[in-house]
Amino acid sequence: MLNKQFRSVLFASAAALAVSACGADDVASPGEGNLVVLPGTTPTPTPTPTPTPVAGTPATDCPVGTANVGTITTGNGEQARNCQVSGIIQGNLVLPKRASTENTVYSLSGGVEVGVDGGAQGILTIEPGVTIFGSSGGDFLLVNRGSQLFAEGTASAPIIFTSRQNILGTAGVDSIGQWGGIVILGRAPISDCATGGASNPGGARADCEAIVEGPSNAVYGGTLPTDSSGRMSYMQVRYPGFEVSPGNELNGITMAGVGSGTFFQNIQVHNSSDDGVEWFGGRVNGKNLAFTGIDDDSVDSDSGYQGANQYVLAVQRVGGGDHVMEADSNGDEDAEPRQRHLLANVTFVSSGQDHVILLRGGGDYEFYNSVFNSTAACIDIDSATTIQVAGAAADEKGPPVFQSLFMSCATSFVDDGNITVAQIQTIFNAGTNNTASGTSTLANASGAFPFINGANENGVTPFAASGASAFFEDAAYIGAVKDANDARFKGWTCGLYANDCIVAPTIG
């Protein structure tokens with residue numbers, strides 16, 4: 001702020017004093033005697049005011065640790081400084097949210113790694129409301145073992161990872177796979193070890209590691225069940241799944257060997273060309289997970305994942321999607337740690353391209369207080385090891401569990417050549433308050449398929465899920481969304497309550 005200085009000269013007072021000191025004869029006539037001129041004051045020039053910053057103005061520079069690669073004009077007409085992140089992040093890097101008067105968007109250039117596996121730690125912190133996009137397609141963010149990502153948005157200011165096309169406003173309803181995705185690698189136990197045999201009894205083998213799908217030579221796994229890879233919440237991942245090599249697509253989010261010390265809640269993946277989230281081993285739990293328009297499986301777990309997920313909403317798009325959930329460790333079906341995936345308050349809405357869930361590979365799976373809906377089949381179970389009784393093999397908890405599950409599918413159970421419909425039905429009927437063939441009263445908000453509970457879904461008595469996992473809350477309803485007033489997924493997601501995922505994110 002500039003200060004102006006003003007000086008005053010009391011001309012009138014000085015003149016009055018001069019007159020009172022002289023008689024009439026002493027006053028000089030014009031042109032006569034000496035003319036005394038009192039010194040004047042030159043006014044200080046008024047400085048040019050500093051222009052008031054205008055909202056939507058690009059920042060003039062980029063934060064430390066990022067590169068200024070010019071400006072970009074979004075599909076909303078905003079101009080923003082494009083600050084690029086590339087290479088390997090070592091030490092601490094913060095991507096701050098800046099005011100609308102210094103608009104800043106961040107971009108990933110190629111594979112960006114946080115830390116070095118077995119070497120220098122990296123910590124990436126992303127502030128609420130930040131938007132990050134993949135520059136050219138094969139761009140992704142990978143957090144190596146021992147490093148951390150802190151991406152904690154808020155309900156009103158989620159963090160958005162997306163594609164360049166989405167920033168420019170050219171992404172469409174069916175756009176998929178426009179950039180890579182996010183890969184988190186941890187040091188928690190896994191099975192399907194790359195060397196020394198697939199099994200890892202007790203998760204105690206220090207040599208049990210594996211190379212993750214997608215990026216080359218990225219390793220996960222270890223002996224730390226409570227390992228922390230950071231905190232992620234109120235975060236959207238739009239249009240991921242780019243094919244980084246022929247036949248090798250990234251998931252929206254890959255969680256490989258991630259420990260239970262990692263916070264993973266209020267997460268959305270939208271229009272991934274591969275899976276929404278895939279868990280490879282590890283112990284991380286998750287809550288308030290939304291999957292919209294996923295082209296492969298919305299939920300996928302294998303390689304000894306043992307964790308709990310509650311309030312999981314998966315809604316496929318018309319003509320897109322595979323299974324809503326696939327779970328398997330095919331080929332090493334009795335390897336330890338055996339997969340144990342627990343889910344509560346799930347709503348899975350399928351486009352009918354395949355079965356709602358496919359359970360196989362000898363894992364243990366449990367569903368509580370859930371809703372399945374499809375124009376095709378609901379449940380397919382493969383492999384005798386998947387339905388074997390508790391204790392039949394090491395780390396075996398028994399056949400799948402279904403409690404307070406409401407299904408409205410064209411076909412309840414399917415036999416594609418292994419586990420029979422009668423066997424699946426027996427397992428299903430062993431639970432309480434299950435409905436195999438109900439009439440859906442799910443309501444729609446704005447998407448292609450309904451997902452909000454109606455009278456029939458809310459008429460089901462819920463199961464006390466906290467008895468299965470201390471991570472679970474005992475909800476008073478089944479499914480992920482109780483009614484139109486349920487705000488669990490409102491505000492921080494896109495595509496559920498309005499067709500707004502295709503709209504360029506607001507930067508300022």
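What you are looking at is a predicted structure, and each value in this text was computed from that prediction instead of being measured. Residue numbers count from 1 along this sequence.
- In summary, the side chains of Asn144 and Ser147 do not present any donor paired with an acceptor at a separation below 3.5 Å, with no hydrogens or angles considered.
- The closest side-chain donor-acceptor pair between Glu457 and Thr441 falls under 3.5 angstrom.
- Taking the six-membered ring for Trp and the full ring otherwise, the centers of Tyr305 and Phe280 sit at least 6.0 Å from each other.
- Counting heavy atoms from C-beta outward, Leu149 and Arg231 have side chains that stay 4.5 Å or more apart.
- Between the side chains of Ser383 and Arg360, no donor-acceptor pair of N or O atoms lies under 3.5 Å.
- Proximity of Asp416 to Asn418: side-chain heavy atoms (C-beta onward) are separated by under 4.5 Å at one or more points.
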Might you work through the side chain to side chain contact (heavy atoms under 4.5 Å, CB included) test for Asp486 and Ile452, ending with a clear yes or no?
CA-CA 9 Å; Asp486 189 340; Ile452 301 169; over 6 Å; no
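- Side-chain contact between Val112 and Ile89 is present, with at least one heavy-atom pair separated by less than 4.5 Å.
- Contact annotation: the side chain of Thr461 never approaches that of Thr432 to less than 4.5 Å [non-hydrogen atoms, C-beta and beyond].
- Rounding to the nearest 0.5 Å places CD1 of Ile478 at 12.5 Å from CD of Gln403.
- Ring orientation note: the planes of Phe428 and Phe402 are tilted relative to one another, at an angle of 30° to 60°.
- Between the CG atom in Leu185 and the CG atom in Asp117 there is a gap of 7.5 Å [rounded to 0.5 Å].
- The closest side-chain donor-acceptor pair between Gln310 and Tyr368, if any, does not fall under 3.5 angstrom.
- Look at Arg338 and Glu333 and you find no salt bridge, because none of the NZ, NE, NH1 or NH2 atoms lies under 4.0 Å from a carboxylate O.
- Residues Glu336 and Arg205 are not paired through a salt bridge, judged by the lack of any N-O separation under 4.0 Å between the basic side chain and the carboxylate.
- The number of heavy atoms from other shown groups lying within 6.0 Å of NZ (Lys97) is above 12.
- Ring-plane geometry between His270 and Tyr239 is classed as perpendicular, the angle between the planes exceeding 60 degrees on a 0 to 90 degree scale with a lower cut at 30.
- Ser408 and Asn373 share a side-chain donor-acceptor pair at under 3.5 Å.
- With contacts defined as side-chain heavy-atom distances shorter than 4.5 Å, the pair Val318/Phe449 qualifies.
- Here the two rings, on Phe161 and Phe140, have centers that are 6.0 Å apart or farther.
- Side-chain polar atoms of Arg488 and Asn288 form a donor-acceptor pair below 3.5 angstrom.
- Between the CD1 atom in Ile126 and the CE atom in Met232 there is a gap of 10.0 Å [rounded to 0.5 Å].
- Side-chain polar atoms of Thr292 and Gln268 form a donor-acceptor pair below 3.5 angstrom.
- Taking the centre of each ring, Phe242 and Trp179 stay at or above the 6.0 Å mark.
- Side chain to side chain, Asn453 and Asp483 fail the donor-acceptor criterion of an N or O pair below 3.5 Å.
- In this structure, Asp274 CG and Ile294 CD1 are separated by 9.5 Å, a value rounded to the nearest 0.5 Å.
- Between Arg340 and Asp395, none of the side-chain N atoms (NZ, or NE/NH1/NH2) sits under 4.0 Å from a carboxylate O, so this pair counts as no salt bridge.
- Between His341 and Tyr365, the ring center distance fails the sub-6.0 Å criterion.
- With hydrogens and angles left out, the side-chain atoms of Ser466 and Glu473 include no donor and acceptor closer than 3.5 Å.
- Judged by a 6.0 Å distance limit and a 45° cone about the ring axis, Lys287 is not positioned over the six-membered ring of Phe264.
- No side-chain heavy atom of Ser260 sits less than 4.5 Å from a side-chain heavy atom of Val284.
- Between atom CG of residue Asn166 and atom CD1 of residue Ile502 there is a gap of 9.0 Å, rounded to the nearest 0.5 Å.
- Note: Phe489 and Phe451 fail the aromatic proximity criterion, with ring centroids not under 6.0 Å apart.
- Judged by distance alone, the side chains of Gln388 and Thr385 never bring a donor and an acceptor atom under 3.5 Å apart.
- Listed by first and then second residue, the disulfide (SG to SG under 2.5 Å) pairs that reach into residues 248-294 come to none, sequence neighbours excluded.
- With rounding to the nearest 0.5 angstrom, the OG1 atom of Thr131 is 4.5 Å from the CD1 atom of Ile160.
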